[in-house]
Amino acid sequence: MPKKRSGGGLSPTQQAAKFLGVSVLAGAVLAGIALPAVGALGLAAKGSVESFDELPANMKTPPLSQRTTILDADGGQIATVYSRDRTVVPLKDISPYMQKAIVAIEDSRFYQHGAVDLKGVLRALNKNARSGEVAQGASTLTQQYVKNVFVEEAGDDPTKVAQATQQTIGRKIRELKYAIQVEEELGKKKILENYLNITFFGQQAYGVEAAAQRYFSKSAKDLNVQEAALLAGIVQSPSRYDPVNDGAEATKRRNIVLRRMAEVGDISRAQAAEAMKAPLGLKVSKPRNGCITATKGAGFFCDYVREVFLNDPVFGKTKEERAKVWNQGGLTIRTTMDPQAQDAAQASIKDHVYKSDDVATAATLVQPGTGKVLAMGQSRPYGFGKNETQINLSVDQSMGGGMGYQPGSTFKPIVAAAALEGGMPANKVYSSPYQMAYPSPVSACDGKTWKNSRTNPARLENENESEVGPYDMKEATAKSVNTYYVQMISDIGICPVTTMAKKMGVVRADGDKMPQVPSIALGTQEMSPLTMANAYATFASRGMHCTPVAIESVTQRVGDQTKSLPVPKSTCSRAMSEKTADTVNALLRGVVEDGTGKKAGLDSRPSAGKTGTTDERYAAWFVGYTPNMAGAVWVGDPAHKRKMTNITIGGRSYDKVFGGEVPGPIWGDMMNGALEGKPVEDFNTVHIPDGVDRDRGDGNGDDEGRDDGDNGNGLIGGLVGGNNGGGGDQPFPTPSFSIPEGFFRGQGNGGGNGNGGRFG
């Protein structure tokens with residue numbers, strides 16, 4: 001006698017025989033009410049057997065996609081993101097009313113039959129024909145579950161989804177064979193649990209838990225009878241029976257489910273009648289998906305985490321593999337974001353720059369020695385409305401950012417580090433005139449040489465006519481003297497500077513190579529705030545550069561199992577000697593103590609940093625650090641159109657914006673808040689003897705040297721401004737000297753390459 005299953009269904013052999021017999025005698029009925037009539041099937045018994053046997057023996061069940069939760073370093077929730085909003089729950093956490101309602105309306109003989117229920121199909125056909133509407137389904141719950149598995153496997157690919165749902169005999173054959181396998185392997189209770197977790201309930205809710213939260217703001221285990229009936233009724237057509245958009249139609253459908261529950265004895269007729277009188281009782285929770293929902297203004301940090309996941313090979317060898325894991329979800333991602341630091345960054349930004357201002361600001365904080373990104377914020381919120389943006393102004397273009405911004409004089413400490421590492425004394429003196437021609441020739445990498453024009457050489461100047469040397473390194477750094485640093489790079493060569501920049505993780509935001517031109521000493525190459533903050537963290541950690549990281553740990557829930565995934569690790573390497581770093585620390589302490597960055601100084605702890613203002617004042621910066629935290633603040637127009645002259649920012653008017661005047665106070669307030677309650681640490685510094693034996697005064701300490709060079713078509717690497725990069729269309733500014741005909745070797749690429757001059 002054939003073996004019968006505990007669930008009351010037939011054995012696989014009986015199911016197959018039943019399938020084959022019915023396919024010949026009543027193909028249309030078996031295939032369901034939506035398939036063609038018998039005459040159109042064209043499916044002989046022999047063909048049915050072959051098609052059935054050719055199918056793989058086992059159905060591959062993909063893990064159900066679920067929501068992903070992103071947490072800060074303390075475990076607080078930042079945001080939830082998902083391809084499909086789903087939270088998988090066990091059957092014990094699903095209301096018994098819900099279990100009964102779905103069985104009653106979709107497959108009332110679920111516990112009496114196997115994978116195929118011919119009696120149920122015939123009854124449904126008859127019932128639906130008499131009622132004039134689809135009151136009962138024709139497929140078993142197991143068949144529906146199998147179809148949903150195919151849809152889940154298709155993901156968001158519209159072609160695959162269409163193939164998974166197409167009304168063809170081939171799909172029905174595959175669906176039925178796998179239904180037999182599923183019945184044999186899982187049993188009724190597990191099939192019901194899986195079905196309720198995979199099914200789409202409309203309003204972006206997949207699975208009964210997400211549906212209960214969406215429509216009633218409660219857990220699936222707490223659903224009452226009328227709520228359960230409503231959700232069960234939605235499954236057949238989520239758009240038609242959507243209670244949010246068509247309450248009347250949803251009510252009619254709910255009442256059909258309640259009547260069916262009474263007919264099969266799940267509830268009494270009196271219970272059904274009472275439930276039918278009840279209002280829908282919706283308490284809708286709007287879908288909250290994506291980084292736009294992030295707390296603490298951390299939408300851009302959230303977006304950065306997503307970009308890290310999709311770009312780092314640790315999460316998959318190919319971008320497609322990584323995207324599949326991300327879309328599958330079920331992840332809990334603990335990040336490096338320090339909630340105190342993030343709050344401090346956003347509070348300072350809000351106090352100093354309004355989202356409606358002509359210009360924006362972006363700020364990033366990094367932990368020296370670990371590379372951990374602690375905070376990331378900007379004045380224009382994450383969003384799609386007015387004065388909002390989806391572009392993360394703190395990161396490189398490859399990570400969801402823009403083309404970057406010229407860092408101006410904040411690049412000068414990198415030049416100093418290269419010179420010191422090469423043996424230059426810290427009290428080195430240069431003549432540093434107010435104006436000068438670019439020295440020529442200047443050695444570059446690979447044995448090349450940069451040369452200026454002989455007939456009409458390009459010149460540069462300091463911000464103020466009073467800035468006339470000689471200067472030593474300490475005073476020139478504090479006052480940000482352009483001519484000093486141009487003489488320095490001309491002396492040591494370009495290659496040591498670009499090599500040092502690379503060791504410190506300093507790259508162009510657009511991914512292009514750093515050009516071999518001396519004007520890089522003035523910060524003419526576009527960088528992101530994260531790049532600059534992380535570079536200065538190298539000074540804070542006494543010369544150790546650590547690549548930035550944003551993810552501490554990742555766990556993934558797949559079914560009933562939770563597993564840990566590997567995460568990217570910071571790679572730390574020595575970029576310079578401790579002595580070099582300590583010397584730079586001493587130089588940059590002078591900037592905040594007695595130089596252009598005085599307004600950025602912290603209240604109660606040692607700090608160091610550097611101001612930066614680009615030519616034409618399209619960007620202003622302050623980048624600074626303490627021994628335990630480094631941060632960068634950029635202010636400017638992301639579109640590179642608004643010069644920061646005669647401008648109002650944060651309710652204050654400015655004739656000219658300097659790095660020490662707007663970004664500096666933002667940095668100071670941010671750091672004070674982020675470091676409150678943290679240990680006060682001091683730098684390891686070295687004594688730098690004066691190189692000039694006369695008191696030169698402090699000049700105009702609130703101003704700083706001009707960082708010549710603009711984005712775009714620049715002369716000798718941006719020494720003289722040109723067409724603005726990043727989509728700007730500003731006219732070519734009038735230089736303070738004539739440009740000789742034929743001087744340009746080539747034009748820039750709109751991003752500030754400006755490979756002017758020539759190599760010999």
Problem set entry | Test applied, side-chain contact (heavy atoms from CB on, under 4.5 Å); reference residue, L374; option that passes from Q342, M337, Q340, Q367 |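 The option that passes is Q367.
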
Exercise. Name the one of E307, M399, Q378 that satisfies side-chain contact (heavy atoms from CB on, under 4.5 Å) with N392?
Worked result: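 With N392 as partner, E307, M399, Q378 yield a single side-chain contact (heavy atoms from CB on, under 4.5 Å), made by Q378.
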
Problem set entry | Working for side-chain hydrogen bond (donor to acceptor under 3.5 Å, both in side chains), residues S65 and E152 | CA-CA 8 Å; S65 59; E152 184 75 17; 2.8 Å; yes

Verify whether one side chain among [X] and [Y] offers a donor that lies under 3.5 Å from an acceptor in the other.
X	Y	answer
S217	S285	yes
Q144	Y195	yes
D396	S528	yes

Problem set entry | Sequence neighbours excluded - disulfide (SG to SG under 2.5 Å) pairs with any residue from residues 290-320 | C291-C302

Taking [Y]'s backbone N and O only, do any of them form a donor-acceptor pair with [X]'s side chain (distance below 3.5 Å, no angle check)?
X	Y	answer
S570	K372	no
Q77	T69	no
R322	G316	yes

Problem set entry | Heavy-atom side-chain proximity of C572 to H545 below 4.5 angstrom | no

For this session: Determine whether Y304 and T364 make a side-chain contact, defined as any pair of heavy atoms from C-beta on separated by less than 4.5 Å.
Result: no

Problem set entry | Pair K190 + E185: basic N to acidic O under 4.0 Å |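 No, this pair does not count.
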
Exercise. Does the pair D72/K296 count as a salt bridge with the N-to-O cut at 4.0 Å?
Worked result: no

For this session: Please work out whether the ring planes of F315 and F309 are parallel, tilted or perpendicular, with thresholds of 30° and 60°.
Result: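 Rings of F315 and F309: parallel, as their planes differ by under 30°.
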
Exercise. In a check of side chain to side chain donor-acceptor pair (under 3.5 Å) between T142 and each of K147, E183, K188, which one passes?
Worked result: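 For T142, the side chain to side chain donor-acceptor pair (under 3.5 Å) test succeeds with only one of K147, E183, K188, which is E183.
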
